Structures are given as structure tokens and as C-alpha cells.
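The structure under discussion appears below in the form of C-alpha cells.
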Amino acid sequence: MIAFLTRRVLSTVPTLVGITLLAFAILNVLPSDPMRLWSGGGSYSAEAAEHLRSELRLDRAPLARYASWGLALLRGDLGRSLRDGRPVGSVIADALPWSLLLNTCAVFLIYGLAVPFGLFGASSPRSASDRLGRAFLILLYAVPSFASALFLQQWLSVRFGLLPLQGISADGATVAARAWDVTRHLVLPTVCLALSGWALVARFSRAAFRSILGREFLTVARAKGLSRLRAYGHVAANAAVPFVTLLATILPGLVGGSVIVEQVFSLPGVGRLYLASVEDRDYPVVLGLTLLSAVLVLAGHLLVDVLYLVVDPRLREGLLEEWADGR
């Protein structure tokens, strides 16, 4: 298992290098003046310009600047933000927990609702409720994130005042009060981020469950007295591997969708920070966030590989045999 994970981690290194190199090249061709941003937008003398060029390494070739950034990265130094001079690691660390919390809640909401919804549709195919549910899922999948966000804000926040409109808060005298306040502020962003993923997983789960429910082994088991609940348990176990595969598909979409959701709901997460850094041409922060996004997506794929071994005993046996032969 350790050797397998080590090989998978090492195989991601060329991908990370390629992603950062591409992002570095794109940032270097953008029409901007980072020196003016560093100086606060005002004028600066020739001596100050020379100092800023040296600070930003603009006196070097692009590949030399990339190599210097890569060597500093190996030391754990991501550079300093051009906007406020803070270390990039500190800037990202302030925003990362909110994005991780938002995306984690979205994943649990997607699977927590989509799997039972798909199982219900598969158990009563072609019924009125099934047709209505399929039409509803197509509608959810087609609606853009910003449109659903504005709709939810208008009805649940502005008109009825049920949930906070924007921002994030952790006010409260006790831990329970602060947790409740954070939960209220995260409900709308989480629902908005999970809508398209929920529609995709629900449609997939309906098709997967329907194919399994019609198999002969399940029909025989039901004829011998197997309860409906235990039958559904066997169906879920047989569909576990495709669901893990689907997780690798929706994770990049969640990371990308959080940029829009965090901007609309004014959440201080990585997505909103990414957008603000691109607009301000804050190159060190953009590169750090690009590296972080790549690491998170690749870590999600690594998690999927581990889940494969958990839900599919055949893969575990094959891995053990391969390890034994290699030893």
C-alpha cells in the first residue's frame, strides 16, 4: 500500500511542474505594470524603480525567474504578496479553511441527497414522480451557478429573511453559538455549489441502480425472502466503485465553481482570493493559488485511488499480489 501511494504521489510531480510553468508563462504575457501596483499606484523615482525591479526579479529572464521561484518553493517560500507585502503562505492560509469547509459540505450534500434520490427513481421507473424528478434534475444541471445563487439570495434572504445574504461570521459567546452562526452563513453557498453536482450524481445513480436492480441475483434473493432494506444495501455495495469514479469527476468542478460562489456570497475563501489576485496582477499569490488548486485536485484523485482499494476487494487482492511478486 505504501509503495503504491508513493508511486502515485511521485507521478503527480511532472503535472504540478507543468501547471505552474503554464501559469507562470500566462502571467508574464499579461499587459500590466506590477511595479505600479507594488508602489501603491503612485509615481516612483528611478532609484525606486530599480529597487522594485530587483525585488520582483524583473531584471531576469522569465525562465530564470521561474527557476528562482521553484527553488524558493522547495524551501517553503512562496514569496510575498504585491498588494500588502504579506507572505503568500499566510495570505492563502487565511482563506483556505473556508474553501475546504465549503467544498467538503458540498460533497456530503451531493452524495447525501443524490444517492437516495437515484435509488428512489430506479425503484419506480417511468412513474410520474420519476419523470418529474428527471426533468427537475435536467433543469438543475442547466442552470448556471451565479443564476441559482441570485435566485436563492432573492427568495431565502431578501424576501423571507430566512438565511444571511452574504459574508461569513463566527460571532457568538459560546462554541455552539459560533458554529450555528457559521452554519447559517454556509447554507446558501453550499446548496448553490452542490446543485449541478447533485443533478449529475443523481442521474448517474438512477441509471446505475436501475441496472443493478434488474439483475438475476437480486431477483432470486428477493424471492427467497431478502428484505427491501438489505437488498438496497447490496445494490449500494455493487454501485460503490462507479460512485468513487464519479467523485474524481466532480471534485475539479467544485474547485472551479467555488470561485463564482465565493464571489457572489462574499466568502473570504480561496476562490475569491484567486479572482482578486488575478485582477490586481498579484503574481506571487496567483502562482501560489495555482499550485494549491493543482495539489488539491491531484490529492482528490489520490483519495479516489485509495477509496477504490476500500470498496473493491479485487483491487486490494491484485495490489497485494503485485507487491508480493515485486518483493
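In this text, all values refer to a predicted model and were calculated from it rather than measured experimentally.
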(message) Any non-hydrogen side-chain atom of Q153 less than 4.5 Å from a side-chain atom of Q166?
(response) yes

(request) Report the distance from atom CH2 of W69 to atom CZ of F24, rounding to the nearest 0.5 Å. (result) 8.5 Å

(request) Would you indicate whether the side-chain heavy atoms of P87 and L78 approach each other to under 4.5 Å? (result) no

(request) Tell me yes or no: between the side chains of T20 and Y66, is some donor less than 3.5 Å from an acceptor? (result) yes

(message) Quick one: does any side-chain atom of T174 pair with a main-chain N or O of A177 as donor and acceptor, under 3.5 Å?
(response) yes

(request) Could you check R86 against D94 for side chain to side chain contact (heavy atoms under 4.5 Å, CB included), going step by step and ending with a plain yes or no? (result) CA-CA 11 Å; R86 295 171 56 201; D94 291 341; 2.5 Å; yes

(message) Nearest 0.5 angstrom please: L63 CG to L21 CG, how far?
(response) 7.0 Å

(message) Would the distance check show the side chain of Y111 and the main-chain N or O of F243 forming a donor-acceptor pair, the cut-off being under 3.5 Å?
(response) yes

(message) Could you walk me through whether Y274 and S293 satisfy the side chain to side chain donor-acceptor pair (under 3.5 Å) test, starting with their C-alpha distance in whole Å, then the side-chain angles of each, then the deciding distance to 0.1 Å, before giving a yes or no?
(response) CA-CA 10 Å; Y274 211 146; S293 300; 5.2 Å; no

(request) Evaluate side chain to side chain contact (heavy atoms under 4.5 Å, CB included) for V201 paired with L246, printing each intermediate quantity in order. (result) CA-CA 7 Å; V201 176; L246 198 60; 3.5 Å; yes

(request) Would you give the length of the straight line joining atom CG of L303 to atom CG of L296, rounded to the nearest 0.5 angstrom? (result) 12.0 Å

(request) Without swapping roles, check the side chain of R80 against the backbone of G85 for a donor-acceptor pair under 3.5 Å. (result) yes

(message) Just so I know, are the side chains of L137 and Y141 near enough to count as touching, which here means a heavy-atom distance under 4.5 Å?
(response) no

(message) Membership question, hydrophobic clusters at under 4.5 Å side-chain separation (ILVMFWY): are F151 and V143 in the same one?
(response) no

(request) Indicate the atoms forming the closest heavy-atom contact of T190 with L186, along with that distance. (result) OG1-O, 2.7 Å

(request) Over all heavy atoms of both residues, which pair between I110 and G197 is shortest? Give the atoms and the distance, please. (result) CG2-O, 3.7 Å

(request) Can you see which heavy atom on W198 is nearest to which on L140, and at what distance? (result) CZ3-CD1, 2.9 Å

(message) With a 4.5 Å cut-off on side-chain heavy-atom distances among I, L, V, M, F, W and Y, is there a chain of contacts connecting L254 to L275?
(response) no

(message) Measuring only between side-chain heavy atoms, which start at C-beta, is I168 closer than 4.5 Å to R184?
(response) no

(request) Walk me through it: do R159 and Q154 pass the test side chain to side chain contact (heavy atoms under 4.5 Å, CB included)? (result) CA-CA 6 Å; R159 178 156 300 190; Q154 175 65 28; 4.0 Å; yes

(request) Could you tell me whether the side chains of S68 and R65 share a donor-acceptor contact shorter than 3.5 Å? (result) no

(request) Check G133 against F117 and note the closest heavy-atom contact, atom names and distance. (result) CA-CZ, 3.8 Å

(request) Over all heavy atoms of both residues, which pair between G118 and F209 is shortest? Give the atoms and the distance, please. (result) C-CD1, 3.8 Å

(message) Apply salt bridge (Lys or Arg N to Asp or Glu O under 4.0 Å) to residues R7 and D305 and explain how you reach the verdict.
(response) CA-CA 12 Å; R7 289 197 303 269; D305 290 338; over 6 Å; no

(message) Between D130 and R206, is there a side-chain heavy-atom distance shorter than 4.5 Å?
(response) yes

(request) Enter the distance from L188:CG to L152:CG here, rounded to the nearest 0.5 Å. (result) 5.5 Å

(request) Verify the cluster assignment for L119 and F136: are they in a single hydrophobic cluster under the rule of side-chain heavy atoms below 4.5 Å apart? (result) yes

(message) For the backbone of L96 and the side chain of S99, can you confirm whether one donor and one acceptor N or O come within less than 3.5 Å of each other?
(response) no

(request) Report whether L16 and V297 are members of the same hydrophobic cluster (ILVMFWY, side-chain heavy atoms less than 4.5 Å apart, transitive linking). (result) no

(request) For residues V115 and F204, determine if any side-chain heavy atom of one lies less than 4.5 Å from a side-chain heavy atom of the other. (result) no

(message) When you measure from the side chain of D77 to the backbone of L73, do you find a donor-acceptor pair of N or O atoms at a distance under 3.5 Å?
(response) no

(request) Could you check if a side-chain atom of L291 sits within less than 4.5 angstrom of a side-chain atom of I19, using non-hydrogen atoms only? (result) no

(message) Just verifying a value: how many Å separate N103 CG and F108 CZ, rounded to the nearest 0.5 Å?
(response) 12.5 Å

(request) Take F146 and Q263 through the side chain to side chain contact (heavy atoms under 4.5 Å, CB included) test and state the conclusion after the steps. (result) CA-CA 9 Å; F146 69 89; Q263 183 68 18; over 6 Å; no

(request) Using atom types as modelled and distance alone, determine if a side-chain donor or acceptor of E262 lies under 3.5 Å from a backbone N or O of R272. (result) yes

(message) Under 4.5 Å between side-chain heavy atoms, counting indirect links through other Ile/Leu/Val/Met/Phe/Trp/Tyr residues: same cluster for V107 and L200 or not?
(response) yes

(message) Is the shortest side-chain heavy-atom distance between S145 and L193 below 4.5 Å?
(response) no

(request) Taking all heavy atoms of V88 and all of S81, pick out the closest pair and write down the distance. (result) CG2-N, 3.9 Å

(request) Kindly say whether L298 contributes a backbone atom to a donor-acceptor pair with the side chain of T12 at under 3.5 angstrom? (result) no

(request) Please round to the nearest 0.5 Å and tell me the distance separating atom OG of S258 and atom CG of L100. (result) 10.0 Å

(message) Any side-chain to backbone donor/acceptor pair from T104 onto L101? Under 3.5 Å, distance only.
(response) no

